[in-house]
Amino acid sequence: MSSSHHSHHSHHMPTLAALMTPFPYHIDMEATVEEAVAMMDEHGVRHLPVTRSGELETVISKGDIERAHAPGHRLEEQQLYVHDLCARRPFVADIHDPLDKILLAMADTGIGSVLVMREGELVGIVTVTDVLRFCSRYLAELAQPVDDSIA
């Protein structure tokens, strides 16, 4: 990040890199739901990418797990595994994709998370929460007085 202040915010479209959470961790399909919850809690996240033999498959969220444990849905004696809960295909985007298109896709499909790839490798995740935080910061910056000299 160079601090070249003279190019006065020539409002270019941000990319997913601007708001994603970098993602060094993921969980295997064969892991138990308890392991998934433990990992989420440990990292303070609500979504985990799911891999099968090291290949990215999908994503599992805290919401998926909470729904599975809802009354009436519960399979009392059965051990639930990650692959029991993450049926849907993940929404995958490239790190250089323009943000406006991705946000529109999230809105249109109602998905809560986007897995971010760079050259075929998983590098991060963007959730609705990340989007809202980013938009909040972005709006706050837009509202700032234009004088940079106090920076």
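FYI, the numbering just counts along the sequence from 1.
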Are [Y] and [X] linked, directly or through intermediate hydrophobic residues, by side-chain heavy-atom contacts shorter than 4.5 Å (ILVMFWY only)?
X      : Y      : value
Val131 : Met13  : yes
Leu139 : Leu132 : yes
Leu142 : Leu99  : yes

Whether over 12 other heavy atoms sit under 6.0 Å from Glu119 CD: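 No.
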To the closest 0.5 Å, what do you measure between [atom1] ([X]) and [atom2] ([Y])?
X      : Y      : atom1 : atom2 : result
Cys135 : Leu19  : SG    : CG    : 7.5 Å
Ile95  : Leu16  : CD1   : CG    : 7.5 Å
Thr51  : Leu122 : OG1   : CG    : 9.0 Å
Tyr25  : Met39  : OH    : CE    : 9.0 Å

Assess whether side-chain contact (heavy atoms from CB on, under 4.5 Å) is satisfied between Met20 and Ile125, documenting all intermediate values. CA-CA 5 Å; Met20 72 177 195; Ile125 189 168; over 6 Å; no
Going through the distances and angles, do Asp28 and Val82 end up as a side-chain contact (heavy atoms from CB on, under 4.5 Å)? CA-CA 7 Å; Asp28 191 80; Val82 168; over 6 Å; no
Which atom names give the shortest non-hydrogen contact between Ile60 and Met40, and what distance separates them?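 In terms of heavy atoms, the two residues are closest at O-CE, 3.6 Å.
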What is the minimum heavy-atom distance between Leu48 and Ala36, and which atoms define it?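 What the structure gives for the nearest pair is CD1-O, 3.6 Å.
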Yes or no on side-chain contact (heavy atoms from CB on, under 4.5 Å) for Ile102 and Val126, after CA distance, side-chain angles and deciding distance? CA-CA 10 Å; Ile102 300 297; Val126 170; 5.9 Å; no
According to ring-ring contact (aromatic ring centres under 6.0 Å, His included), who are the partners of His96, at least two apart in sequence or on a separate chain?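 Checked His96 against ring-ring contact (aromatic ring centres under 6.0 Å, His included); zero matches.
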Under the ring-ring contact (aromatic ring centres under 6.0 Å, His included) test, residues paired with Tyr81 that sit two or more places apart: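 Tyr81 satisfies ring-ring contact (aromatic ring centres under 6.0 Å, His included) with His83 only.
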Please assess Ile27 against Glu35 for the test side-chain contact (heavy atoms from CB on, under 4.5 Å), listing each intermediate value before the final yes or no. CA-CA 8 Å; Ile27 195 151; Glu35 289 174 273; 4.2 Å; yes
Between Asp41 and Lys62, is there a salt bridge with N-O shorter than 4.0 Å?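 Counted as a salt bridge, because a side-chain N and a carboxylate O are separated by less than 4.0 Å.
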Partner residues of Ala38 under the side-chain contact (heavy atoms from CB on, under 4.5 Å) criterion, sequence neighbours left out: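 Testing Ala38 for side-chain contact (heavy atoms from CB on, under 4.5 Å), a comparison that skips the adjacent residues, returns none.
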